[in-house]
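The structure appears below as structure tokens.
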Amino acid sequence: MQTIFSEFLENQTNYQHLIVKISQKQNRLYKWMVNNDFELHHSEGKNLFLKRCLGHQENECTYPRYKTMSIGVTTVIFNKDLTEFLAIKEMSGPYIDWKAPTGSVEEEKETPLEAAVRDVLEETNLEISLEHLHLVSTISTRNFRGNKPDYNFVYAGISNHPGDIKPKEKDIKDVAWLSVNDFLKGELPVKHELRPLILQQVVSIAKECLEKNQGWGASPAYWGSGKPAILFQKT
């Protein structure tokens, strides 16, 4: 075991750290790994995840943070008269037809609102501003991203300048402005049981909130420390 592991490490010169998963049936490996400079990263179910720095100093390692909750965003962008909305098709995943842009929050770098703006730009090439988005719904789910609880923020906005929309990320198959009425009446083939989260129901809620001027609008604010923040106020 020691020889195999040593040979493996010699071929990992371009990496800073190593994370290994062992199951309950492999617990005999735990003592050996601890004796070889591994530390516990986290446990999940019946599995242990151990980490080891491959750099010369511990501060060279940037281990991925273990998330106990995943935070997602769904962003529904309409044209000026709310007859069309911006939709995407992904190359793969549980949804095999059109849907509103969705993504995950990079928690250490951004707020959910900032993630919504970034996600729309990355997936569709459309630039939108923070102040043009309204928070219209929040959805709590379980086991949507792995085995962790998920909390999803739904934002809605209007784009007066559709611009040159196009797929920007390699996992986006197509981008288009779709008829809201046709989309809400259509039968969409979906593999995942959480269909209302990012398909017809969320588009319907977003449209209704904008029509009735409901929801929460974003305003720049600051904490007592002077750090910037986003304050939502009911519109």
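Numbers here are sequence positions counted from 1.
With hydrogens and angles ignored, the 3.5 Å screen pairs no side-chain donor or acceptor of D171 with any backbone N or O of M91. Between the side chain of N36 and the backbone N or O of W32 there is at least one donor-acceptor pair closer than 3.5 Å. Under a 3.5 Å cut-off, the side chain of N79 and the backbone N or O of E84 do form a donor-acceptor pair. Panel note: side chain S204, backbone Q200; no donor-acceptor pair is recorded below 3.5 Å.
Between Q214 and V136, the closest side-chain pair of non-hydrogen atoms is not below 4.5 Å. In this structure, the side chains of R52 and M33 stay at 4.5 Å or more apart for every pair of heavy atoms. Counting only heavy atoms from C-beta outward, the side chains of L82 and V180 never approach each other to under 4.5 Å. Put simply, the side chain of I172 does not reach to within 4.5 Å of the side chain of K89, judged on heavy atoms.
The environment of CD in E127 is sparse: at most 12 heavy-atom neighbours from other residues, nucleotides or ligands sit within 6.0 Å.
Y155 and F153 have parallel rings, their planes meeting at less than 30° on a 0 to 90° scale where 60° marks the start of perpendicular.
The two atoms that bring A116 and L133 nearest to each other are CB-CD1, 4.1 Å, heavy atoms only. For T124 against P101, the heavy-atom pair with the smallest separation is CG2-CG, 4.2 Å. Among all heavy-atom pairs drawn from K21 and Q26, the shortest one is O-OE1, 4.1 Å. Looking at every heavy atom in both residues, S159 comes nearest to I77 through CB-CG2, 3.8 Å. In terms of heavy-atom proximity, I71 sits nearest to P112 at CG2-CG, 4.3 Å. P167 and D174 get closest at one heavy-atom pair: CG-CA, 3.9 Å.
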Check the pair E123 / V175 against side-chain contact (heavy atoms from CB on, under 4.5 Å), numbers first and verdict last.
CA-CA 8 Å; E123 294 187 356; V175 178; over 6 Å; no
Which is it for E114 and R118 under the salt bridge (Lys or Arg N to Asp or Glu O under 4.0 Å) test, yes or no, and what are the steps along the way?
CA-CA 6 Å; E114 291 168 337; R118 172 186 55 79; over 6 Å; no
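Atom OG1 of T102 is separated from atom CG of N152 by 8.0 Å, given to the nearest 0.5 angstrom. Interatomic distance, CD of Q24 versus OH of Y30, reported as 14.5 Å (0.5 Å rounding). To the nearest 0.5 Å, atoms CG (L86) and CD1 (I128) are separated by 8.5 Å. To the nearest 0.5 Å, atoms OG (S179) and NZ (K185) are separated by 8.5 Å. Rounding to the nearest 0.5 Å gives a distance of 5.0 Å between NZ of K166 and CG of N125. With rounding to the nearest 0.5 Å, the separation of CG in N181 from NZ in K207 is 6.5 Å.
At a threshold of 4.5 Å between side-chain heavy atoms, the hydrophobic network of Ile, Leu, Val, Met, Phe, Trp and Tyr places V20 and L40 in one connected group. Placement of W98 and I205 in two distinct hydrophobic clusters is found when ILVMFWY residues are connected by side-chain heavy-atom separations under 4.5 Å, directly or transitively. Residues V154 and L184 are members of one and the same hydrophobic cluster, defined by side-chain heavy-atom contacts under 4.5 angstrom among Ile, Leu, Val, Met, Phe, Trp and Tyr. In this structure, L48 is a member of the same hydrophobic cluster as V34, with clusters built from ILVMFWY side-chain heavy atoms closer than 4.5 Å.
A donor-acceptor contact under 3.5 angstrom links the side chains of D81 and T83, judged on distance only.
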